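Just below is one structure, and these are the notes that go with it.
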Amino acid sequence: MINSDEWITHLTELRKRLIWVMLFFILTLAAGLYMSPKVLLYIKNRPAAADIAWNVFSLTDGMFIYMKCGFLVAVFFTVPLALYHVWAFVRPGLTDDEARKTFWFVPMAFVLFSVGVAFSFYVAFPMMVSFLSKMNKTVGAVETYGMDRYFSLMFSVVFPLALAFEMPAVVLFLTRLGILRPALLRKARKYVYLALAVVGSMISPPDFVSHLSVTIPLIMLFELSILVSRWYLHRKEMENPLIDPKGGTNHV
């Protein structure tokens with residue numbers, strides 16, 4: 001049982017780590033606000049937005065997008081440090097072997113998130129913009145886009161896909177905790193495929209090619225998650241033959 005002195009020690013350490021994260025966030029926020037014009041111009045010059053005029057329908061639209069861009073840059077670069085401090089905070093309760101193995105979840109989660117952002121921004125979102133623009137022209141509509149609405153649509157596509165790319169890291173973490181097993185994942189495969197197809201249809205244009213271009217990577221991520229889970233349990237079984245990869249114990 002934890003006494004009051006230990007609680008105070010833990011809370012003091014947590015406060016120090018939160019302060020470091022907040023200080024880093026403020027610094028990256030300042031850098032993000034400085035970088036916002038260049039980031040916004042880069043997005044504006046991408047093929048998905050090159051032929052689209054960004055209009056503002058309120059005096060504050062430009063300012064809010066400017067601040068939102070700086071905030072998102074700060075969040076993106078603060079996430080790795082925050083994940084590290086979470087790991088460092090629980091590190092005293094782990095063995096050296098557990099600490100060494102769980103530390104890799106920090107860079108793994110960040111790399112997968114970055115890959116998801118890149119895929120959704122450079123592949124999925126341009127396809128959606130192209131499809132929607134063609135649909136508008138088909139019905140003879142005059143395209144007049146608000147800057148705020150454009151970014152809202154972009155974020156609604158980019159971040160769900162980026163979070164979906166965390167699937168292998170989450171499955172590996174749950175496998176380490178003993179919550180998931182490869183057999184369970186394989187058994188639920190057809191239901192997961194259906195769910196991923198629904199998600200893919202929700203965040204992609206309603207044409208067949210775009211739908212497949214989003215759904216197939218999600219399915220590949222799920223299959224990769226099964227392989228990662230199987231690899232971890234196989235290695236664990238090799239290290240300790242008494243452990244059954246299905247979750248039980250092998251009796252000699």
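As the structure is a prediction and not an experimental result, all values here were calculated from the model. Throughout, residue positions are numbered sequentially from 1 according to the sequence presented.
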Would you give me the side-chain donor-acceptor pairs under 3.5 Å for residues 109-118, sequence neighbours excluded?
unit_1: S114; atom_1: OG; unit_2: F110; atom_2: O; d: 2.9

Qualifying residue for side chain to side chain contact (heavy atoms under 4.5 Å, CB included) with I19, from K16, R15, R17: R15

Nearest-0.5 Å distance, CZ of residue R186 to OG of residue S229: 8.5 Å

Test log, rule ring pair (Phe, Tyr, Trp, His ring centres under 6.0 Å), inputs Y84 and W20: CA-CA 11 Å; Y84 167 76; W20 277 112; over 10 Å; no

Residue pair L83 / F105, side-chain heavy-atom distance below 4.5 Å: no

Cluster link L40 to V158, ILVMFWY, side chain under 4.5 Å: yes

Under 3.5 Å side-chain donor-acceptor pair for Y145 and N136: yes

Path from M63 to L72 over hydrophobic side-chain contacts below 4.5 Å: yes

Shortest non-hydrogen separation from V56 to G62 and the atoms involved: CG1-N, 4.1 Å

Partner set under salt bridge (Lys or Arg N to Asp or Glu O under 4.0 Å) for R46, not counting sequence neighbours: none

Joint hydrophobic cluster, M108 plus L227, side-chain heavy atoms closer than 4.5 Å: no

Aromatic contact, F71 with F25 (centres under 6.0 Å): yes

Rounded distance [0.5 Å steps], CG in L196 versus CZ in R189: 12.0 Å

4.5 Å side-chain heavy-atom contact, H85 and V21: yes

Sidechain-backbone polar pair: K44 side chain, I52 backbone, donor-acceptor under 3.5 Å: yes

Test side chain to side chain contact (heavy atoms under 4.5 Å, CB included) applied to R181 and L233, step by step: CA-CA 8 Å; R181 289 290 183 270; L233 288 180; 3.4 Å; yes

Derivation of the side chain to side chain contact (heavy atoms under 4.5 Å, CB included) call for T28 and V73: CA-CA 7 Å; T28 52; V73 170; over 6 Å; no

Same apolar cluster (I L V M F W Y, side chains within < 4.5 Å links), M35/F76: yes

Parallel, tilted or perpendicular: rings of F125 and Y150 (30°, 60°): perpendicular

Non-hydrogen atoms of L224 and P168 that approach each other most closely: CD2-CG, 4.0 Å

Side-chain donor or acceptor of S36 paired with backbone N/O of G70 under 3.5 Å: yes

Worked verdict on I65 versus W54 for side chain to side chain contact (heavy atoms under 4.5 Å, CB included): CA-CA 12 Å; I65 293 300; W54 285 355; over 6 Å; no

Aromatic plane relationship, F103 with W87 - under 30° parallel, 30 to 60° tilted, over 60° perpendicular: perpendicular

Common cluster, F155/F77, ILVMFWY with side-chain heavy-atom separation under 4.5 Å: yes

Nearest-0.5 Å distance that lies between atom CE in M135 and atom OG in S133: 11.0 Å

Atom CG of L59: over 12 foreign heavy atoms under 6.0 Å: no

Nearest atoms (heavy-atom pairs only) where L33 meets M67: CD2-CA, 4.0 Å

F64 CZ: over 12 foreign heavy atoms closer than 6.0 Å: no

Step-by-step side chain to side chain contact (heavy atoms under 4.5 Å, CB included) determination, V228 to V171: CA-CA 8 Å; V228 168; V171 169; over 6 Å; no

